[in-house]
2 protein chains.
Amino acid sequence: MKVAEGKQKFIHTWGRLGANWGINRTMASVHALLLVSADAMNADEIMAELKISRGNANMNLRELMNWGLVHKEIIRGDRKEYFVAEKNLVKVAKLIMKERRKRELDPIVKTLAELQTIEGDKKDKHVKAYLETVKGLKDLTTKADGLIELMLKADESRFLNLLIKLLT
Amino acid sequence: MKVAEGKQKFIHTWGRLGANWGINRTMASVHALLLVSADAMNADEIMAELKISRGNANMNLRELMNWGLVHKEIIRGDRKEYFVAEKNLVKVAKLIMKERRKRELDPIVKTLAELQTIEGDKKDKHVKAYLETVKGLKDLTTKADGLIELMLKADESRFLNLLIKLLT
DNA sequence: CCGTACTTTCAATTATTATTGAAAATATAA
DNA sequence: TTATATTTTCAATAATAATTGAAAGTACGG
């Protein structure tokens with residue numbers, strides 16, 4: 001396989017991956033393109049490479065910057081803005097985890113706590129089924145939150161060592 | 001808050017959660033409804049409760065069964081089919097992880113291995129950037145796969161102990 | 001076997017989400 | 001400041017995904 005073909009496939013694969021994870025397909029493609037590019041790229045280059053409109057490129061680049069996955073780079077004597085992706089994929093994974101935790105997990109933990117405060121006969125099987133499910137899910141999200149916290153804090157080698165230890 | 005209201009909100013919350021995770025909103029709602037219901041429900045009851053069509057209910061129930069999250073229950077002397085959700089949320093989380101690993105992670109690991117086999121000068125910075133990203137992502141997915149494996153294998157208490165140990 | 005109650009399928013429709021492109025806003029260099 | 005290059009916005013449009021509902025398919029009890 002040639003490099004150009006590999007890049008194409010990589011962009012496609014990452015795009016599909018993103019779509020399964022609540023990330024817009026184009027945003028994931030732009031990210032993939034910048035990840036496999038040696039140099040910073042400007043909007044026109046990205047538009048040409050991915051065959052997308054200026055508005056689309058702009059919007060998705062902004063969103064990638066909001067996630068902290070991409071940043072602007074100024075090149076002296078060039079009016080255009082250039083974009084670079086964070087290439088350390090461990091950092092990338094952590095940024096994504098952090099963002100999703102903030103956007104999704106935190107609000108859910110809060111909602112579940114509210115949902116536990118209902119009036120009604122705790123002996124009634126319907127009330128019981130409800131409360132057990134809500135409690136179970138709250139416990140689970142709390143645990144997931146702890147795991148994410150751990151992954152975000154732990155440095156890579158420690159985390160790897162841990163994994164190895166536990167898998168053997 | 002009354003139980004009925006709590007149920008409504010729970011179904012809504014779980015539905016939104018699912019949508020962020022590549023699971024169709026209605027499928028998540030049906031799942032939520034069965035999770036908080038004390039008794040098995042038939043198609044008509046589910047349709048009425050969620051205000052969805054028969055076709056929609058049928059399709060999403062089938063998908064939930066494919067995931068192993070819901071199963072049919074036969075009630076003697078009743079021609080209707082009844083549905084029950086697995087209520088143990090740790091089991092539920094494991095089933096979801098298993099299914100998503102199968103559907104997404106496995107194919108990606110395979111693709112990334114292919115993408116590493118390119119022709120070209122490994123000294124060239126473009127080739128280098130490409131290979132480093134692909135390798136980085138492969139390492140990451142392999143690690144993620146190991147973590148999932150661990151979570152699926154480890155019994156709950158061991159996993160909890162581990163977490164506690166590491167968080168303190 | 002029937003007749004009937006129920007389930008499944010899927011083409012057509014509706015709802016949702018993503019994308020375009022051109023106008024407005026902004027920034028740069030002279 | 002002004003002329004111009006570049007970026008941003010957003011209403012209109014296109015693409016995608018979910019939903020309906022009625023017809024076809026199944027299976028149960030007699």
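Naming convention: chains lettered A, B, ... in sequence-line order (proteins, then strands); numbering from 1 in each chain.
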| said: Can you tell whether the side chains of B:R101 and B:D145 come within less than 4.0 Å, N to carboxylate O? | reply: yes
| note | When rounded to whole Å, the CG to C1' distance for the pair A:L50 and C:dT20 reads 15 Å
| query | Under a 4.5 Å side-chain heavy-atom rule over Ile, Leu, Val, Met, Phe, Trp and Tyr, are A:L61 and A:I74 clustered together? | reply | no
| Over its full length, what angle do the end axes of the helix from C:dC1-D:dG30 to C:dA30-D:dT1 make, each axis taken from five pairs and the result rounded to 10 degrees? | 30°
| Tell me: CD of A:E63 to P of C:dA18, nearest whole Å? | 11 Å
| Rounded distance (Å) that lies between atom C1' of C:dT9 and atom CG of B:L61 | 15 Å
| note | Reading nucleotides 25-30 of chain C from 5' to 3' and marking B where a protein heavy atom lies under 4.0 Å of the base, S where only the sugar-phosphate is that close, and - otherwise, the string is --BBS-
| query | Do B:E63 and B:N66 get their side chains close enough for a donor-acceptor pair, meaning under 3.5 Å? | reply | yes
| task | Write down the atom of A:T133, the atom of B:F10, and the distance for their closest heavy-atom approach. | result | CG2-CZ, 3.7 Å
| Are B:M97 and B:L150 linked, directly or through other ILVMFWY residues, by side chains that come within less than 4.5 angstrom of each other? | yes
| message | Check B:K135 with B:E132, please: is the shortest side-chain N to carboxylate O separation under 4.0 Å? | response | no
| message | Distance check needed: D:dT6 P versus A:E73 CD, whole Å only. | response | 17 Å
| said: Is it true that, when you exclude A:K123 itself, more than 12 heavy atoms of the residues, nucleotides or ligands shown sit nearer than 6.0 Å to its NZ? | reply: no
| task | Using the ring of A:W21 (Phe, Tyr or Trp, six-membered ring only), decide whether A:R100 places NZ or CZ under 6.0 Å from its centre and within 45 degrees of its axis. | result | no
| task | Spell out, yes or no, whether A:M59 and A:L50 are grouped together once hydrophobic residues are joined by side-chain heavy atoms under 4.5 Å, including indirect joins. | result | no
| message | Between B:K2 and B:E5 (salt bridge meaning N to carboxylate O under 4.0 Å), is one present in this structure? | response | no
| request: Mark up nucleotides 8-22 of chain D, 5' to 3', with B wherever a protein heavy atom is under 4.0 angstrom from a base atom, S wherever such an atom reaches only the sugar-phosphate, and - elsewhere. | output: BB--------SSBB-
| note | Rounded to whole Å, CZ of B:R16 lies from P of C:dT16 at a distance of 15 Å
| said: Any salt bridge linking A:K9 with B:E114? Criterion: basic side-chain nitrogen under 4.0 Å from a carboxylate oxygen. | reply: no
